[in-house]
Amino acid sequence: MTAERPEASRPTTAGVVRVEEHSGPRSALRALFELAEDSPAALDAYIDSGRVLVATEGGRVVGQLQLTDADEPATAEIKNMAVAPSHQGRGIGRALVGAAIDVARSEGRTALVVATAAADTGNLRFYQRAGFRMRSIERDAFTAATGYPPGLEIDGIELRDRVWLDMHVDGPSTATKEAPT
Ligand SMILES: CC(C)(COP(=O)(O)OP(=O)(O)OC[C@H]1O[C@@H](n2cnc3c(N)ncnc32)[C@H](O)[C@@H]1OP(=O)(O)O)[C@@H](O)C(=O)NCCC(=O)NCCS
């Protein structure tokens, strides 16, 4: 598989955000990873896997997306992604997903999958707006046995079930390679 360097400047409503592969220690990004992961044990198990794309603005990391192998070799998984609360809602998450699609294509993948909590209706909206479709539901995925504290709720909905979504990514790249002048 050939791997493209995912460096690109992507216009967002926050301005032009640079998306590139993170090469430093993952521990520097842990606070961002924790925004998307309630289980420290689960995070410890996967934080160092795969590739991580970071969105930077003025040299500061404002978002990250971790792309890992999935069960099928032709499929990549968005394992964790988050945008700093101060920068959410400005198109940076969408820019990161766009960069992940380009990386998956450059690796010869044909599909991208992502999982999120059924309780998190905001994330379900975000991923569907980004082009993902629902694939399956894994009941009782978030339990004390997997490191999720009991009683967690999102918008009044108990954190219990995991929803898998997917997207076909084969075809020509549509990446924005240059910053607008
Ligand atoms: C989910 C997340 C990564 C989205 O990043 P973002 O930069 O805020 O998203 P964008 O600004 O690119 O939003 C793209 C679209 O999704 C929508 N969207 C994003 N987050 C949303 C939310 N929580 N609720 C409803 N809609 C949301 C935006 O309104 C926008 O919709 P539009 O196309 O109608 O304008 C970010 O909110 C986040 O870091 N959340 C906390 C961590 C987390 O839950 N990560 C996902 C784990 S599976």
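Numbering of ligands and ligand atoms starts at 1, following listing order. Everything numeric here is computed off the predicted structure, so don't read it as measured data.
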Are any of the N/O atoms on [X], whether in the backbone or the side chain, positioned under 3.5 angstrom from an N/O atom of ligand 1?
X	result
Phe126	no
Gly93	yes
Asn123	yes
Met81	yes
Arg94	yes

Donor on one side chain, acceptor on other, His22 and Gln64, under 3.5 Å: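 Result is no, nothing qualifies.
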Please determine, by modelled atom types, if Glu37 and Tyr46 share a side-chain donor-acceptor pair under 3.5 angstrom.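 Yes, a side-chain donor-acceptor pair sits under 3.5 Å.
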Backbone N/O of [Y] and side chain of [X]: donor-acceptor pair under 3.5 Å:
X	Y	result
Ser39	Thr146	yes
Asn80	Gln66	no
Arg135	Val114	no
Gln88	Val83	yes

Checking side chain to side chain contact (heavy atoms under 4.5 Å, CB included) for the pair Leu124/Met134: CA distance, chi angles, key distance, verdict? CA-CA 9 Å; Leu124 290 172; Met134 303 250 186; 4.2 Å; yes
Does CG in Asp140 sit with more than 12 non-hydrogen atoms of other residues, nucleotides or ligands closer than 6.0 Å?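 For Asp140, atom CG is crowded (more than 12 foreign heavy atoms under 6.0 Å).
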In this structure, are over 12 heavy atoms from other groups packed under 6.0 Å from Glu72 atom CD?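 At most 12 heavy atoms, drawn from other residues, nucleotides or ligands, come within 6.0 Å of this atom.
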Step by step, would you call Val163 with Tyr127 a side chain to side chain contact (heavy atoms under 4.5 Å, CB included)? CA-CA 11 Å; Val163 178; Tyr127 287 121; over 6 Å; no
Using a heavy-atom cut-off of under 4.0 Å, does the side chain or the backbone of [X] touch ligand 1, or both, or neither?
X	result
Ala95	neither
Tyr127	side chain
Arg125	side chain

Which residue from Arg129, Lys79, Gln64, Arg162 reaches closest to atom 35 (O) of ligand 1 through any of its heavy atoms?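 Considering heavy atoms of Arg129, Lys79, Gln64, Arg162, the nearest to atom 35 (O) of ligand 1 sits in Arg129.
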Residue selection (non-hydrogen contact nearest atom 6 (P) of ligand 1) among Gly91, Ala117, Gly89, Ala36: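 Result: the heavy atom closest to atom 6 (P) of ligand 1 is in Gly89.
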Can you tell me which residue and heavy atom of the protein come closest to [atom], and the distance to 0.1 Å?
atom	result
atom 39 (O) of ligand 1	Val83 N, 2.8 Å
atom 42 (C) of ligand 1	Leu35 O, 3.3 Å
atom 24 (N) of ligand 1	Gly122 CA, 3.1 Å
atom 38 (C) of ligand 1	Gln88 NE2, 3.4 Å

For Ala115, the ligand 1 atoms whose distance to one of its heavy atoms is below 4.0 Å: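 Checking each atom against Ala115, I get 48 (S).
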Atoms in ligand 1 flagged as close to Thr116, the criterion being non-hydrogen separation under 4.0 Å: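 So the answer, numbered in order with elements, is 48 (S).
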Nearest protein heavy atom under 4.0 Å from atom 2 (C) of ligand 1, yes or no: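 So far as the 4.0 Å threshold goes, atom 2 (C) of ligand 1 is out of reach of every protein heavy atom.
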Does Pro85 come within less than 4.0 angstrom of ligand 1, counting non-hydrogen atoms of the residue?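 No, Pro85 has no heavy atom closer than 4.0 Å to ligand 1.
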Do you know which of Asp166, Asp170, Asp69 makes salt bridge (charged side-chain N to carboxylate O under 4.0 Å, His left out) with Arg109?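 It is Asp69; the other options fail the test.
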